[in-house]
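No hydrogens, no waters, no symmetry mates; every other heavy atom, side chains included, goes into these values. Computed from a prediction, not measured in an experiment: that's the story for all the values here. We name chains A, B, ... by the order of the sequence lines, and we start the count at 1 in each one.
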There are 2 protein chains.
Amino acid sequence: MSVDQEKAGPRRQARGERRIAQLLEAAANVFCTTGYTASSTNAIAREAGVSPGTLYQFFPNKEAIAIELGDRLIHQMRETTGEALAAVDPSTPLEEAIGTLVDRFTAFSCQHPVFFALMHGPDIPGRLTEEHDALHAHLLGQVEALVAAFLPGAPAADVTRTAHLCLGLYKAGLELVLSHEGAERDAYVRELKNVLIRYLEPLLTEYRDRATADLTTTRTP
Amino acid sequence: MSVDQEKAGPRRQARGERRIAQLLEAAANVFCTTGYTASSTNAIAREAGVSPGTLYQFFPNKEAIAIELGDRLIHQMRETTGEALAAVDPSTPLEEAIGTLVDRFTAFSCQHPVFFALMHGPDIPGRLTEEHDALHAHLLGQVEALVAAFLPGAPAADVTRTAHLCLGLYKAGLELVLSHEGAERDAYVRELKNVLIRYLEPLLTEYRDRATADLTTTRTP
DNA sequence: TCAGAATGCGAGTGACCGCTCGCGTTTGTC
DNA sequence: GACAAACGCGAGCGGTCACTCGCATTCTGA
């Protein structure tokens with residue numbers, strides 16, 4: 001069996017790898033400002049300073065560019081979220097947990113504005129939608145696990161709903177964060193944390209009380 | 001000066017008005033499922049059961065269809081929000097106020113799914129973006145006024161930020177609401193209300209306390 | 001009744017866009 | 001230095017889509 005061979009295809013020279021990176025960066029810029037569908041491959045090639053033919057030397061079609069770009073972003077996103085979520089457990093105070101998660105997630109999105117543009121357009125190609133759905137499901141699962149850990153004994157449906165809401169609220173907040181800069185951006189980050197904390201805090205105490213009540217009734221029947 | 005003439009153009013027969021309504025309904029369906037850019041005028045004509053030529057008898061171009069549809073929806077939206085917001089004043093308990101507003105707004109969006117599709121796609125034509133921005137600004141102003149009334153003495157920047165957040169959170173919640181049905185949809189509506197109430201409640205008491213404190217210090221210097 | 005306007009049709013036109021192809025240039029290998 | 005493979009080019013092909021045009025049909029008003 002052959003080793004060291006990522007995928008089928010021509011063996012790349014260093015020059016080729018550089019071109020690919022260059023094309024992906026150009027694509028990121030164009031997608032970012034124009035959106036996927038409205039971006040033309042010719043425009044991407046022009047932005048990268050190469051001819052359309054050269055672009056198709058490295059990507060079989062337009063979709064493949066978005067796929068490759070999306071794959072790399074998703075991979076980085078998974079790493080970021082994995083690290084961030086691993087640093088949190090139910091013993092962490094809610095405020096601190098939310099603070100850490102929101103800070104790390106927003107940092108990633110601020111560094112990679114394409115991610116938001118590519119993933120939330122309604123016109124993204126099929127393969128990428130699937131990958132994004134997979135990422136979303138993955139993220140949802142992680143958040144669900146965290147929510148379940150914070151709210152022991154909560155029904156599965158409630159946990160799922162809460163996780164959906166957390167992600168949705170985060171996304172809404174992120175949009176506001178990204179559309180502001182400097183001090184105002186920081187203010188929105190703070191408010192986003194407040195939203196999540198204030199939404200989750202009552203659930204926390206509710207389930208803690210319920211657990212205590214259960215304990216009490218069990219002990220003193 | 002001539003009266004009774006809405007715009008320049010040929011005088012319409014009743015048949016023409018019917019065709020226009022029919023074409024707009026068809027456009028709503030097509031836009032809803034395909035999005036604006038990906039929708040072809042031929043597809044809209046086909047959906048309406050007429051020829052492309054007939055479509056262009058009533059609309060000068062593709063954008064005009066979206067504009068007209070958007071105009072009508074925005075008009076209805078303005079009416080709905082106007083009524084809903086007029087029914088609320090600072091003497092209303094927060095919970096009741098939020099409940100009323102969320103119920104009326106979500107009802108509108110559930111009845112007109114095109115609205116969300118047309119207004120939140122990244123590929124909508126320029127004129128419509130402007131109109132949507134105008135609507136958003138209008139809505140923001142109304143929400144700001146309400147927030148300012150609920151939080152007397154709050155700095156303008158805070159009021160604006162809070163209003164932005166309320167609208168953003170609502171939009172996020174709406175997306176979740178629209179993507180579910182029946183009991184689960186109702187559950188999301190409830191949670192959306194909770195999010196807003198829990199986010200705003202502390203602000204309310206904070207500014208009430210601050211106002212009381214100001215009053216006290218002024219009276220007993 | 002009848003002229004003129006409004007409505008209706010659908011093949012066709014021009015522009016754009018994703019993508020190809022033939023051919024020249026650079027790079028790695030022996 | 002010689003050969004092959006990877007790289008690079010850009011005019012151009014095929015297809016799609018917004019939109020048009022010439023002509024037929026239906027309606028309105030006098």
Side-chain angles (χ1 to χ4, degrees), chain A residues 4-24 26-27 30-31 33-69 121 123-128, chain B residues 2 4-27 30-31 33-69 121 123-128:
Chain A
D4 218 13
Q5 189 161 4
E6 291 202 7
K7 297 170 189 174
R11 294 183 28 243
R12 298 256 169 255
Q13 301 180 352
R15 189 170 33 141
E17 296 292 346
R18 257 180 284 128
R19 274 272 175 275
I20 290 180
Q22 184 183 358
L23 283 163
L24 285 177
V30 177
F31 287 156
T33 59
T34 328
Y36 173 75
T37 312
S39 301
S40 77
T41 54
N42 292 4
I44 294 172
R46 209 181 312 123
E47 169 88 13
V50 303
S51 86
T54 300
L55 187 153
Y56 282 92
Q57 181 79 17
F58 301 102
F59 299 98
N61 53 46
K62 181 179 175 181
E63 183 173 356
I65 305 171
I67 303 269
E68 182 61 30
L69 191 57
D123 57 346
I124 56 179
R127 250 296 303 284
L128 202 52
Chain B
S2 72
D4 215 14
Q5 189 160 5
E6 290 200 10
K7 296 170 188 175
R11 295 183 35 245
R12 297 256 170 255
Q13 301 178 354
R15 189 169 34 139
E17 295 293 346
R18 256 180 284 128
R19 274 274 174 274
I20 290 179
Q22 183 185 359
L23 282 163
L24 286 177
E25 198 188 323
V30 176
F31 286 156
T33 58
T34 329
Y36 172 75
T37 312
S39 300
S40 76
T41 53
N42 291 4
I44 295 172
R46 209 181 314 122
E47 170 87 13
V50 303
S51 86
T54 299
L55 187 153
Y56 282 92
Q57 180 78 19
F58 301 101
F59 299 98
N61 52 46
K62 181 180 174 182
E63 183 173 355
I65 306 171
I67 303 270
E68 181 63 29
L69 191 57
D123 57 346
I124 58 180
R127 252 295 304 284
L128 202 52

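- Phosphate proximity of D/dC17 to B/Ser40: absent, as no side-chain N or O sits under 4.0 Å from OP1 or OP2.
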Would you please test A/Phe59 and A/Leu24 for side-chain contact (heavy atoms from CB on, under 4.5 Å) and show each step?
CA-CA 10 Å; A/Phe59 299 98; A/Leu24 285 177; 3.8 Å; yes
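- The nearest whole Å value for the distance from the CD atom in A/Gln22 to the P atom in D/dG8 is 8 Å.
- Between the P atom of D/dA5 and the CZ atom of A/Arg19 lies a distance of 22 Å, rounded to the nearest Å.
- In this structure B/Thr34 satisfies the side-chain contact (heavy atoms from CB on, under 4.5 Å) test together with B/Val30, B/Ala38, B/Ser39, sequence neighbours excluded.
- The distance from atom NZ of B/Lys62 to atom C1' of C/dA15 is 15 Å, rounded to the nearest whole Å.
- Every side-chain contact (heavy atoms from CB on, under 4.5 Å) that A/Thr37 has, sequence neighbours left out, goes to A/Asp123.
- OP1 or OP2 of D/dA18 sits under 4.0 Å from a side-chain N or O of B/Thr41.
- Whole-Å rounding puts the A/Phe58 CZ to C/dC19 C1' distance at 16 Å.
- Separating the CZ atom of B/Phe59 from the P atom of C/dG8 is a distance of 12 Å, rounded to the nearest angstrom.
- By the side chain to side chain donor-acceptor pair (under 3.5 Å) test, A/Glu63 is found to be paired with no residue, residues two or more places apart in sequence or in another chain being considered.
- Rounded to an integer number of Å, the gap from CZ of B/Arg46 to P of C/dA11 is 13 Å.
- Looking at heavy atoms from C-beta onward, B/Ile65 lies out of side-chain contact with B/Phe58 at the 4.5 angstrom threshold.
- For the pair B/Gln57 CD and C/dA5 C1', the interatomic distance rounds to 10 Å; values are reported in whole Å.
- Residues satisfying the side chain to side chain donor-acceptor pair (under 3.5 Å) test with B/Gln22, not counting sequence neighbours, are B/Arg19.
- Remark: P of D/dC7 and CG of A/Leu23 are 12 Å apart, rounded to the nearest angstrom.
- Between the two ends of the helix from C/dT1-D/dA30 to C/dC30-D/dG1, each summarised by a five-pair axis, the helix axis turns through 20° (rounded to 10 degrees).
- Here B/Thr54 does not reach the OP1 or OP2 of C/dT7: none of its side-chain N or O atoms lies under 4.0 Å away.
- Here B/Asn42 lies in heavy-atom contact (under 4.0 Å) with a base.
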In a table with atom names and distances, give each donor-acceptor pair under 3.5 Å that connects a side chain of residues 43-56 of chain B to protein atoms at least two apart or in another chain.
residue: B/Glu47; atom: OE2; partner: B/Asn29; partner atom: ND2; Å: 3.3
residue: B/Ser51; atom: OG; partner: B/Gly53; partner atom: N; Å: 3.3
residue: B/Ser51; atom: OG; partner: B/Thr54; partner atom: N; Å: 3.3
residue: B/Ser51; atom: OG; partner: B/Thr54; partner atom: OG1; Å: 3.4

What is the per-nucleotide protein-contact pattern of nucleotides 20-30 of chain D, from the 5' end, where B denotes a base atom under 4.0 Å from a protein heavy atom, S denotes such proximity for sugar-phosphate atoms only, and - denotes neither?
B-----BSS--
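- In this structure, A/Glu17 and B/Glu63 both approach DNA chain D, and ranking their closest nucleotides by distance from the 5' end singles out A/Glu17.
- Considering only residues two or more places apart in sequence or on other chains, B/Arg12 meets the side chain to side chain donor-acceptor pair (under 3.5 Å) condition with none of them.
- Listed by chain and residue number, B/Gln13 satisfy the side chain to side chain donor-acceptor pair (under 3.5 Å) test with B/Arg15 (two or more places apart in sequence, or in another chain).
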